[in-house]
Amino acid sequence: MIDRNAFRKFIPKSKYADQWYDAMFSPQSEFGGKSLLEEYEINTPKRIAAFLAQTSHESGGYVFLTENLNYSAEGLVRIFNKYFPDLATAKLYARNPEKIANKVYANRMGNGDEASGDGFKFRGRGILQLTGKNNYFWFAASLEITPEEAAEYLQTFEGAAQSACWYWSENKLNRFVDANDFKALTKAINGGYIGLEDREHHYEIALNSFNTSGTRLA
């Protein structure tokens with residue numbers, strides 16, 4: 001198994017390293033004694049390191065389980081220029097996460113228009129920031145629960161981790177890892193390359209940490 005101490009060192013900002021470790025790496029009876037990552041075929045050193053690197057970046061080191069959309073006007077113009085082309089427009093939404101989510105995520109990923117409130121209701125949650133009504137619906141369907149129940153489950157260690165594994169599997173992200181194409185992997189998750197350098201940095205840390213700690217797969 002992955003070394004618990006190496007994992008703790010990988011996410012030093014989190015107070016709950018052991019809970020995250022147990023959620024992802026401990027054998028689960030519901031998976032026939034396999035771990036969550038093994039169940040979703042995240043089962044080689046490179047796959048595991050890539051998964052940890054991407055989820056660590058998306059969750060701020062396994063600290064944030066809900067997307068932070070509390071942007072300033074300047075931040076909105078810089079990051080979401082497509083939706084906020086100028087400061088005048090951005091100032092109408094600045095520091096209002098609900099309004100920002102409803103605008104940025106409107107009419108895509110299965111969401112309704114800005115007035116529907118779907119953008120905020122189905123904003124990013126979990127360690128890979130599962131986003132959009134469609135993703136919530138299909139993740140919930142895989143567990144035979146409702147999207148509303150899924151939103152609550154995503155706030156738990158197990159749900160946050162399983163949603164990330166589900167998304168990873170559904171989008172066949174292992175193919176990018178196996179092809180050593182980390183940039184394509186990042187685009188498949190992010191839609192672009194935001195935070196690419198940080199993601200790559202965490203990938204190298206994970207690989208080096210696990211290799212030097214004598215890590216092996218069970």
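FYI, the numbering just counts along the sequence from 1. Predicted, not measured: the structure shown is a model, and the values here were computed from it.
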Is [Y] reachable from [X] through a run of I, L, V, M, F, W or Y residues, each pair having side-chain heavy atoms under 4.5 Å apart?
{"X": "Y16", "Y": "Y62", "value": "yes"}
{"X": "I194", "Y": "F176", "value": "no"}
{"X": "L69", "Y": "L92", "value": "yes"}
{"X": "M24", "Y": "L143", "value": "yes"}
{"X": "F64", "Y": "F157", "value": "no"}

Side chain [X], main chain [Y], donor-acceptor under 3.5 Å:
{"X": "D118", "Y": "G112", "result": "yes"}
{"X": "E41", "Y": "E38", "result": "no"}
{"X": "N171", "Y": "Y167", "result": "yes"}

So, taking the atom named [atom1] in [X] and the one named [atom2] in [Y], what distance separates them when rounded to the nearest 0.5 Å?
{"X": "L52", "Y": "I48", "atom1": "CG", "atom2": "CD1", "value": "7.5 Å"}
{"X": "L130", "Y": "M109", "atom1": "CG", "atom2": "CE", "value": "9.5 Å"}
{"X": "F182", "Y": "E204", "atom1": "CZ", "atom2": "CD", "value": "8.5 Å"}
{"X": "Y203", "Y": "L196", "atom1": "OH", "atom2": "CG", "value": "13.0 Å"}
{"X": "N5", "Y": "Y21", "atom1": "CG", "atom2": "OH", "value": "9.0 Å"}
{"X": "S169", "Y": "N174", "atom1": "OG", "atom2": "CG", "value": "8.0 Å"}

So that I can tick it off, tell me whether R175 and D181 are bridged by a salt bridge, with the cut-off set at under 4.0 angstrom between side-chain N and carboxylate O.
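Answer for the salt bridge query: no.
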NZ/NE/NH1/NH2 to OD/OE distance under 4.0 Å, E98 and R123:
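Answer for the salt bridge query: no.
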Taking C-beta and beyond as the side chain, do [X] and [Y] meet within less than 4.5 Å on heavy atoms?
{"X": "L65", "Y": "I127", "answer": "yes"}
{"X": "R199", "Y": "Y193", "answer": "no"}
{"X": "I42", "Y": "C165", "answer": "yes"}

Mind jotting down which residue pairs meet the ring-ring contact (aromatic ring centres under 6.0 Å, His included) criterion with at least one end in residues 97-121? Sequence neighbours excluded, please.
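For residues 97-121, and leaving out neighbouring residues, there are no ring-ring contact (aromatic ring centres under 6.0 Å, His included) pairs at all.
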Any pair with a residue in residues 124-148 that passes ring-ring contact (aromatic ring centres under 6.0 Å, His included), sequence neighbours left out, goes on the list, sorted by first then second residue, please.
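Matches after skipping sequence neighbours: F122-Y136, F139-W166.
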Could you give me the CA-CA distance, side-chain angles and deciding distance for Y153 and E158, then say whether side chain to side chain donor-acceptor pair (under 3.5 Å) is met?
CA-CA 8 Å; Y153 184 48; E158 294 77 10; over 6 Å; no
Among all residues two or more places apart in sequence or in another chain, which pass the salt bridge (charged side-chain N to carboxylate O under 4.0 Å, His left out) test with [X]?
{"X": "R125", "answer": "none"}
{"X": "E200", "answer": "none"}
{"X": "D18", "answer": "R4, R8"}
{"X": "K121", "answer": "E148"}

Would I205 and K9 satisfy side chain to side chain contact (heavy atoms under 4.5 Å, CB included), going step by step from the backbone distance to the final call?
CA-CA 10 Å; I205 290 176; K9 293 177 182 177; over 6 Å; no
How would you list, by chain and number, every residue that makes a side-chain hydrogen bond (donor to acceptor under 3.5 Å, both in side chains) with [X], sequence neighbours excluded?
{"X": "Q19", "value": "none"}
{"X": "W20", "value": "none"}
{"X": "K46", "value": "N180"}
{"X": "T156", "value": "none"}

Least distance between heavy atoms, [X] atom then [Y] atom:
{"X": "A50", "Y": "V177", "result": "CB-CG2, 3.7 Å"}
{"X": "A160", "Y": "L154", "result": "CB-O, 3.5 Å"}
{"X": "L128", "Y": "A164", "result": "CB-CB, 3.6 Å"}
{"X": "S56", "Y": "I11", "result": "OG-CG2, 4.5 Å"}
{"X": "N111", "Y": "G119", "result": "ND2-CA, 4.0 Å"}
{"X": "Q129", "Y": "T131", "result": "O-OG1, 2.7 Å"}

Using a 6.0 Å cut-off, check whether atom NZ of K133 has over 12 heavy atoms from anything other than its own residue.
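No - once you tally the heavy atoms of other residues, nucleotides and ligands closer than 6.0 Å, there are 12 at most.
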Determine whether more than 12 heavy atoms belonging to other residues, nucleotides or ligands lie under 6.0 Å from atom CD of E30.
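Yes, because the 6.0 Å sphere around CD of E30 holds more than 12 heavy atoms from other groups.
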Taking only distance into account, with no hydrogens and no angle test, what donor-acceptor pairs under 3.5 Å do side-chain atoms of residues 71-83 form with protein atoms, sequence neighbours excluded?
| residue | atom | partner | partner atom | Å |
| --- | --- | --- | --- | --- |
| S72 | OG | G75 | N | 3.1 |
| N81 | ND2 | V77 | O | 3.4 |
| Y83 | OH | R108 | NE | 3.3 |

side-chain hydrogen bond (donor to acceptor under 3.5 Å, both in side chains) contacts in which one or both residues fall within residues 85-97, not counting sequence neighbours
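side-chain hydrogen bond (donor to acceptor under 3.5 Å, both in side chains) check on residues 85-97 returns D86-T89, Y93-E114.
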By the definition side chain to side chain contact (heavy atoms under 4.5 Å, CB included), identify the one residue from L37, T55, L173 that meets it with W168.
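Only one option passes, and that is L173.
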Starting from the C-alpha separation in whole Å, work towards a yes-or-no answer on side chain to side chain donor-acceptor pair (under 3.5 Å) for Q54 and T186.
CA-CA 8 Å; Q54 294 287 352; T186 298; 3.0 Å; yes
